[in-house]
Amino acid sequence: MKGILTTIIISLMTVYTFCLEINNGWHIIDGQKFFIKGIGYETHTRPGQVPWEYQFNPELIRLDLQHIKDAGFNTIRTWGALSEEELQLVQESSLKILFGIWIDPHGDYGDPTFIYNTFDHVTDVLTYSKNFSCIIGYLIMNEPLVEDVYNGGPENLITLWQGIINIIQQKHPGIPVSVSNTTVGDYIRSDLFQIGAYNLYIYNPVLISNIHGYAGFCEYLKQNRSMDMPFIVTEFGLSVSPGPFSEEYGYGGNTLTQQTVGDLFMYRSMIDGGAQGGCVFQYHDGWWKGGDAYTHDNSPEEWFGLIEFDSNPGSDEGAPRPVWNAFAEYNRAIITEPRNQQIYVADIPIELFLMPEVDSLAVSVGETALFVTSNLPEYYTAKIDYLSADSLQDLVLDFRFYNQQHVLLKSESISLLLSKETIVLPSLDLSVIPTDLTSTSQIHIIAKIASHSPFTIDNNRLDYAYFPHIGFAPGEARSTTINLQDGSWSFTDAFSVEANARVVTVGAGFSIRYGEFSRRIYDQKIIFRGDWANAIASKDLIPSNSDSPEIPNHFQLLQNYPNPFNTGTTISYALPVSQRVTITIHNLLGQTIATLVDKPTAAGYHNVHWDAGENPGGIYFVKLQTDTSSLSNKMVLLK
């Protein structure tokens, strides 16, 4: 945790002394911050091979690891545990490893046999892995789904994780432990772990693709789940499986250009979101994933590799796709400060992680040089004092990195906002009714926006979405037009909730702009069906008194859903106190055509359904009347 050092010093055959600390949200190696430039790697899954049939080819592994180093990567990430002889080759390569120990996420976490076999497997692996200083983290599970957690029991899973962590800490003290989570499991508490590890893809779910954006969702996870620990994106990438192709990024069917541009966009965006590293998925294609290891079929899972084997059949080495060379260039100089979408006050920080061949740096805005330096170390920090008469200045900083012969090695632009004082951004506040899924088939969202000059809202557009956390289903995205009045605006809509949804997230977001500067403004709410997840949910998501019935704090009539509608629609309302309620339907002439409720009603959230029956299509009004309040909404019946 912040301000607390976790230290390990290991001597391996008296050759190399390695010091690892986790401090202030970073891996610190030999006293220096370490940015993870990682890549997923499997040792024996080339064409014709499957991971569960062990084959050891030291020459080929050495060739791979050298190839990985030459492209500027400094870390490999694995899923199943490497053998002792494989780990020895990683140690010799000087690469670091996020070491996977595969524990079945679909297992029965409370079954004594499953628990015994898990602890026995972890203990066997640690008998040799504890001797290797190349390990900078253990990943003990990959992508647990909500149904896995629910069926196996949240309490059982927490106990299982704690048992595994205890074994690792006893045998390999000081090495951080985590699980590779996803957006599906972003409700899971992170206080058990020492690394925030998440597999994040640009195309799924709607929270990333439509609401936060990739950088924004990374920022959310860093600030809410990984504040005092390294935040690592343990998988990201794009599959180039054969068609159908689309202009949008997808699970499969991406072009080689989309893979190159999209992979680097995710790499840059995770840094902008505050990540301390990432691991691209993955080194080479995995032909085994579609079921036949000898055939490269169209399954997207088989085509994520930066290295492919199709162009040179029979070659164990494989051939690089264009994205490989793009990573090799990008890895030469990682800019962690400044970051895109960020606002800096007074001066601009510089933080760089550089390859040895980088000697000098020039930073400019347009044709104006701001900063020049040479003889750069591999880790470098500085500040740029930018003088401007404007109190607020949008800047696009152009970074150019050169070798000693002044050959350009890499260039990159960062867009930011520089202010002379702290500024207030436009705000988005999202609320949800009800805040428990137990007795509802739909949820209403209420979005409130306050926008202040000098920012504009791109296209006056609000994106909002519903994510059900069911498998890897992406969820539903919608949008609407923002109509600000006196700098504020509110909006309500509703989503249907699946009966088997045990946790859902609703989110909303819009983009603001000032000149060349843009930033995503977002908010999201995670709600559960009852208290089943209390043992495993992040503490900020658990109501302070989950046994108390939910009582709204003010009187509300929510927009009917769906609207427009055909035949039937549901009307939801909230009462802060018990009182008599009358709900009536009126046509454009003001005539009452239906009375839906006319009775004393308890405080809380309520729904009532209106079946329009034989009423003609058109505009209708629903009116809610109590002893103290009266509200109405417009509805549109389509026929």
Side-chain angles (χ1 to χ4, degrees), residues 429-448 464 466 478 480 485 489-499 501 504 506 525 527-530 543 545-639:
D429 179 67
L430 187 68
S431 56
V432 182
I433 299 176
T435 58
D436 189 303
L437 303 175
T438 300
S439 58
T440 187
S441 60
Q442 65 178 17
I443 53 175
H444 287 262
I445 65 167
I446 303 171
K448 297 181 179 179
Y464 59 105
Y466 164 84
R478 302 175 187 169
T480 190
Q485 295 182 359
W489 179 76
S490 62
F491 170 78
T492 182
D493 200 354
F495 292 96
S496 296
V497 177
E498 296 87 342
V504 305
V506 292
K525 293 291 184 290
I527 57 177
F528 299 92
R529 189 178 298 277
N545 187 355
S546 59
D547 294 327
S548 299
E550 184 182 1
I551 303 298
N553 56 19
H554 59 285
F555 184 61
Q556 289 179 298
L557 173 63
L558 299 172
Q559 186 65 55
N560 62 299
Y561 178 79
N563 188 47
F565 64 99
N566 184 309
T567 305
T569 189
T570 297
I571 299 159
S572 299
Y573 58 101
L575 302 176
V577 296
S578 299
Q579 53 193 306
R580 187 173 189 87
V581 171
T582 302
I583 297 180
T584 50
I585 307 296
H586 305 265
N587 61 21
L588 281 173
L589 298 177
Q591 298 169 324
T592 301
I593 62 171
T595 299
L596 305 182
V597 177
D598 188 11
K599 63 180 182 179
T601 306
Y605 296 99
H606 304 275
N607 298 318
V608 62
H609 185 78
W610 179 43
D611 185 348
E614 299 301 320
N615 287 292
I619 295 175
Y620 292 84
F621 296 90
V622 55
K623 182 178 180 180
L624 189 154
Q625 183 76 46
T626 72
D627 294 337
T628 58
S629 301
S630 178
L631 295 173
S632 64
N633 281 337
K634 182 171 70 173
M635 306 184 295
V636 179
L637 172 62
L638 300 177
K639 282 195 173 182

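- Test Thr569, Thr570, Ile583, Asn560 against Val608 for side chain to side chain contact (heavy atoms under 4.5 Å, CB included) and you get one pass: Ile583.
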Practice prompt. Mind running side-chain contact (heavy atoms from CB on, under 4.5 Å) on Tyr620 and Ile593 for me, showing each step along the way?
Written response: CA-CA 10 Å; Tyr620 292 84; Ile593 62 171; 3.3 Å; yes

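- Side chain of Ser578 to main chain of Ala603: a donor-acceptor pair is present (N/O by atom type, distance under 3.5 Å, no hydrogens or angles).
- Two residues are said to be in side-chain contact when any heavy atoms from C-beta on lie closer than 4.5 Å; Phe495 and Val504 fail this criterion.
- Annotation for His444 and Thr492: closest pair ND1-OG1, 4.4 Å, computed over non-hydrogen atoms.
- Using a 4.5 Å cut-off on side-chain heavy atoms (C-beta onward), Gln556 and Ile446 make contact.
- Rounded to the nearest 0.5 Å, atoms NZ (Lys525) and CD1 (Ile433) are 12.0 Å apart.
- The two atoms that bring Phe555 and Ser630 nearest to each other are CE2-N, 4.2 Å, heavy atoms only.
- In this structure, OG1 on Thr584 lies 3.0 Å from NE2 on His586, to the nearest 0.5 angstrom.
- Distance check, rounded to the nearest 0.5 Å: CD of Gln579 to CD of Gln625 gives 10.0 Å.
- Contact detail for Ile527 and Pro434: the closest heavy-atom pair is CD1-O, 3.8 Å.
- A pairwise comparison of heavy atoms in Phe621 and Met635 identifies C-CE, 4.3 Å as the closest pair.
- Inter-residue side-chain proximity for Tyr573 and Thr626 is flagged as unmet; no heavy-atom pair is nearer than 4.5 Å.
- For the atom pair Lys599 NZ and Thr582 OG1, the distance stands at 11.5 Å (nearest 0.5 Å).
- Taken from CZ in Phe491 to OH in Tyr464, the straight-line distance is 3.5 Å, to the nearest 0.5 Å.
- Using a distance-only test at 3.5 Å, with no hydrogens or angles considered, a donor-acceptor pair links the side chain of Arg529 to the main chain of Ala501.
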Discussion item. Between Phe528 and Asp436, is the side-chain contact (heavy atoms from CB on, under 4.5 Å) condition met? List the steps.
Written reply: CA-CA 6 Å; Phe528 299 92; Asp436 189 303; over 6 Å; no

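- The shortest heavy-atom contact between Ala494 and Tyr561 is O-CE1, 2.7 Å.
- In this structure a side-chain-to-backbone donor-acceptor pair under 3.5 Å is missing from Asp627 to Arg580.
- At a cut-off of 3.5 Å, with distance as the only test, a side-chain donor of Glu498 or Tyr466 sits close to an acceptor on the other residue.
- When every heavy atom of Leu558 is checked against every heavy atom of Asn633, the shortest pair comes out as O-ND2, 3.2 Å.
- Proximity of Pro616 to Lys639: side-chain heavy atoms (C-beta onward) are nowhere separated by under 4.5 Å.
- To the nearest 0.5 Å, atoms OG1 (Thr567) and CD (Glu614) are separated by 9.0 Å.
- When Leu557, Val597, Leu624 are each tested for a side chain to side chain contact (heavy atoms under 4.5 Å, CB included) with Ile571, only one passes: Leu557.
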